[in-house]
Student: 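Here you go, one structure.
Any value given below was found using the heavy atoms of this structure, including those in side chains, with hydrogens, waters and symmetry copies removed.
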Amino acid sequence: MGLGLVLNLRADDPGPLQMDLEPLEFETGRISHFLEVAEEAEEFEPPGISRHKGEEGKMGKPTSKSKSGLYALKGPKSAVPQMARNFDPAMASRGAGILGVMQQQSGHFVASPYGGAFAVGNHGPLATLLATPDFESRGYVETREDTQSTFSIDVDTGAYTLARKAIRNGNLPAPGQVRIEEFINYFDYGYADPMDARPFAIHTEMGPCPWAPSHKLVRVGLQGKHVPTAHQPRRNLVFLLDVSGSMSEELPMVVAALRNLTQTLDAKDRIAIVVYAGAAGVVLEPTPGNQRERIISAMQRLEAGGSTNGGQGIELAYKLARAHFDEDGINRVILATDGDFNVGTQGQDALVELIEKERDSGVYLSVLGFGGANYQDAAMEQLADHGNGNYAYIDEFAEAHRVLVEQANATLQTIAQDVKIQVEFDPETVARWRLIGYDNRVLADRDFADDTKDAGEIGAGHNVTALYEVVPDGQFDANARVMELRLRHKAPGASHSELSTTTLHATHNARGSASFRFAAATAGFAMWLQNPHAKDSHAQLETFRDLAAGAIGEDPHARRRQLVELMEAAGKLADQELPKHPRAERRNPEVDPEAPDSELDAELDPELVARAERFFAEEEAAAQRSTQDFILEVLRLLPPLLALPLFVMAFRKPRRRRD
């Protein structure tokens, strides 16, 4: 029986989120009921829904670093606690539906620590959101009321690849799974490396806003310093692999990804493998990275089966990492799972506490997501966030290669931690502003200078991009001051942060650079996915597709072209088929404007092709060996099988002849 709520959000009110609850309509009849807060809301019990009797409003221990800011509300054991300061009611209401009114107090949201999906009831969200604001009415802040925006950086990309898989399978992703910043940060924008001793360079650019021509977009980009191979620190890696039954189809991809990673290791590195299903165990003790045959042999013995005890596996993996801790190296647990923690005796609260404790000791956690049936995207992202690691969803072999081979340094080596950004807009030039994405990364302004507050990390070679939409107060004068940008970061292992500042002035670039336009198109597509049936959404999608197709530039792995194809496929799924667009240029037109438009397929990286050929050749050889072994085993058993009837007949009593 379906249940829906239409939430009307005021576009002109930058204050706390307000929700008007329309009468509820059931398919078999109509029941009109206006929901109020607290006790009156509990009178209504929809069929099949158990309303939860939680401890609403009980605050967590104020002196606890990891628990301060939490507001208790009992929920499912699978729920991951969420910091109140990181909880955005607009994001939660779009993704799951919220009953009641969220109140903002001094930069913190009074909300359930279990997020919007568990705000009411034990059996998932009570409401399904049917309508959300359009592009020009979400989350604007009046500069006369608040000039500052503070958030933690995020280098995760899982939301993009999860959406890519959904669209390829013929479905639009769930709106709550579309995290705009993870779409934007999936792509490399070619930022220059830092020219000084800082671990990252700061890049800013201002240009037109594709969904609101009278507005401007401000791009803030960070480029982490690339570390040469010769200067890379030693690696102490423990792979924690989910081999439960739900991973049976994904395990070959996990093994292939790890085999590719072993090609980048040498004698100074250490790799261990822990598996978990009904119980956890060590498949490979810490082994030098150059002993590839031993490592690959351990991987080939992996089989999927059983239920999942994730908590026990994580404890064992951390124990191995601590036993071989390298003070001057990289110490990291890499969890590969579909996130279906369905058996473990350890609750999610205890898991988070363990991960934060190990993070403080110097052992970080990265998460690689696989599968789809019961995949817990939000839980995987939060586990990685608590572990000072990054989160990626692996939907294909090429993505595994991108994360673990192409971006191995960025995935494994942290060069700056607890990176926070604070922007202060000039009220003389900016009337309104809003941050695009980073909904669950927003910090209170006072947290910017608080070095005890956890934030995101940047890996070697990582680039991070954030977009602000600003509404000018009239026309920008030439070189007018728009905002001041402040960044804080800590060196790995440090307890005190360093401050960097820069100022952005107005420019009159009519188009913006190619990378700027592509980032704007990517953000627009993500916003479209959050509400594909909004007013004028078809025209918006075509605008984003055309903008991205015209800003592809150099695209050696065809990832930007792939986004254009996803936009077109998503349009078909939403009954908004786009007209054909001329083939995008192969080369950057700003570099070579006369370059001919050849085949749309990109030239594959020769190294990637070679690795793929080796992988399939090895798999074919292994299959042939398995077939040969099977035939030899049959031939070995055949003589005794044939001799058995003769043996039986020899000892059988002779039959008496009939007279």
Side-chain angles (χ1 to χ4, degrees), residues 153-165 168 179 181-189 224 226-227 229 232 235 237-242 247 250-265 269 271 273 289 295 299 330 332-339 364-372 375 377 380-381 383-385 387-415 456-465 522 555-560 562-563 604-605 607-609 611-612 615:
I153 63 102
D154 186 2
V155 296
D156 298 336
T157 60
Y160 174 77
T161 47
L162 197 61
R164 180 173 68 188
K165 181 176 181 178
R168 286 175 171 175
R179 294 183 290 276
E181 68 278 7
E182 296 186 23
F183 276 61
I184 299 172
N185 287 327
Y186 182 83
F187 300 96
D188 185 353
Y189 298 102
H226 288 83
V227 177
T229 303
Q232 292 169 4
R235 303 175 183 179
L237 306 179
V238 179
F239 284 96
L240 176 58
L241 308 182
D242 181 353
M247 283 285 288
E250 312 299 333
L251 195 57
M253 190 184 302
V254 176
V255 172
L258 298 187
R259 288 178 63 167
N260 278 346
L261 178 62
T262 60
Q263 304 301 317
T264 68
L265 304 178
D269 302 317
I271 182 172
I273 300 177
I295 297 171
M299 294 177 185
I330 298 169
R332 190 175 294 264
V333 172
I334 301 177
L335 170 63
T337 179
D338 62 0
Y364 294 168
L365 173 71
S366 290
V367 178
L368 304 179
F370 294 82
Y375 187 70
D377 172 61
M380 296 299 94
E381 184 207 18
L383 288 180
D385 292 346
N388 273 10
N390 44 7
Y391 157 64
Y393 180 81
I394 309 298
D395 61 335
E396 59 185 11
F397 284 102
E399 184 64 19
H401 186 274
R402 185 187 80 91
V403 173
L404 289 177
V405 179
E406 290 179 34
Q407 299 184 354
N409 283 347
T411 301
L412 302 177
Q413 183 179 356
T414 299
I415 60 174
E457 281 65 44
I458 293 181
H462 255 148
N463 64 72
V464 183
T465 299
T522 304
D555 189 24
H557 300 288
R559 289 173 186 143
R560 292 192 176 191
Q562 183 184 81
L563 178 68
L604 294 176
D605 181 6
E607 182 181 356
L608 177 59
V609 173
R611 290 184 185 277
F615 169 73

Student: On a heavy-atom basis, which atom in Ile330 and which in Gln413 lie closest, and how many Å separate them?
Tutor: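 Shortest heavy-atom separation between Ile330 and Gln413 comes out as CD1-CB, 3.7 Å.
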Student: Is there side-chain contact between Asn409 and Gln232, with at least one heavy-atom pair below 4.5 Å?
Tutor: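 SC-SC contact between Asn409 and Gln232 confirmed.
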Student: Could you tell me if the side chain of Val155 sits less than 4.5 Å from the side chain of Glu457, heavy atoms only?
Tutor: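 No; the side chains remain at least 4.5 Å from each other.
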Student: Could you state the interatomic distance from CZ (Phe239) to CG (Leu368), rounded to the nearest 0.5 Å?
Tutor: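 Answer for the CZ-CG pair, Phe239 versus Leu368, is 7.5 Å.
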Student: Distance check, rounded to the nearest 0.5 Å: His401 atom NE2 versus Ile394 atom CD1?
Tutor: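 Rounded to the nearest 0.5 Å, the NE2-CD1 separation comes out at 12.0 Å.
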Student: Is a donor on one side and an acceptor on the other found under 3.5 Å between the side chain of Asp555 and the backbone of Arg559?
Tutor: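 A pair under 3.5 Å: yes.
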Student: Please report the shortest heavy-atom distance between Arg560 and Asp188, naming the atom on each side.
Tutor: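 In terms of heavy atoms, the two residues are closest at NH2-O, 3.0 Å.
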Student: Flag the pair Glu182 / Glu381 as yes when at least one side-chain heavy-atom distance between them is below 4.5 Å, and no otherwise.
Tutor: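 The answer is yes; the side chains approach within 4.5 Å.
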Student: Does some side-chain heavy atom of Ile184 sit less than 4.5 Å from a side-chain heavy atom of Tyr189?
Tutor: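 Yes, close enough: below the 4.5 Å cut-off.
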Student: Using modelled atom types only, decide if a donor and an acceptor are shared between the side chain of Asp242 and the backbone of Ala336 within a distance under 3.5 Å.
Tutor: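 Absent.
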Student: Nearest 0.5 Å, what's the CZ-CG distance between Arg235 and Leu265?
Tutor: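 These two atoms lie 6.0 Å from each other.
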Student: Specify the closest pair of heavy atoms between Tyr391 and Ala384, including all atoms of both residues, with the distance to one decimal.
Tutor: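 Answer, listing the atom of Tyr391 first, then Ala384: CB-CB, 3.8 Å.
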Student: Tell me whether the rings of Tyr186 and Tyr160 are parallel (<30°), tilted (30 to 60°) or perpendicular (>60°).
Tutor: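 If you compare the ring of Tyr186 with that of Tyr160, the planes turn out tilted.
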Student: Report yes if the side chains of Leu563 and Thr522 come closer than 4.5 Å at any heavy-atom pair, otherwise no.
Tutor: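 Contact flag for Leu563/Thr522 side chains = yes.
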Student: Measure the CG-CG distance between Leu261 and Leu412 for me, rounded to the nearest 0.5 Å.
Tutor: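 Rounded to the nearest 0.5 Å, the CG-CG separation comes out at 6.5 Å.
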Student: For a quick test of reading the model, state the closest non-hydrogen atom pair linking Thr157 to Ala392 and the distance between them.
Tutor: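 So the two residues come closest at OG1-CB, 4.0 Å.
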Student: By salt bridge (Lys or Arg N to Asp or Glu O under 4.0 Å), which residues pair with Glu181, not counting sequence neighbours?
Tutor: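 By the salt bridge (Lys or Arg N to Asp or Glu O under 4.0 Å) rule, Glu181 matches no residue at all.
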Student: Taking the side chain as every heavy atom from C-beta outward, state whether Asp154 and Arg179 have any pair of such atoms under 4.5 Å apart.
Tutor: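 They are not in contact (no side-chain heavy atoms under 4.5 Å apart), so the answer is no.
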Student: Might you point out which heavy atoms bring Leu404 and Leu258 nearest each other, and give the distance in Å?
Tutor: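 The answer is CD1-CD2, 4.4 Å.
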Student: For a 4.5 angstrom cut-off between non-hydrogen side-chain atoms, does Ile273 reach Met299?
Tutor: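 They are in contact (side-chain heavy atoms under 4.5 Å apart), so the answer is yes.
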Student: How far apart are the closest heavy atoms of Asn388 and Arg332, and which atoms are they?
Tutor: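 Shortest heavy-atom separation between Asn388 and Arg332 comes out as O-NH1, 4.0 Å.
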Student: Atom CZ of Arg259 and atom CD1 of Ile295: how far apart are they, to the nearest 0.5 Å?
Tutor: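 These two atoms lie 12.0 Å from each other.
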Student: To the nearest 0.5 Å, what is the distance between CD on Gln562 and CZ on Arg168?
Tutor: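 Answer rounded to 0.5 Å: 4.5 Å.
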Student: Compare all side-chain heavy atoms of Asp395 with those of Leu162 and state whether any distance is below 4.5 angstrom.
Tutor: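 Contact flag for Asp395/Leu162 side chains = no.
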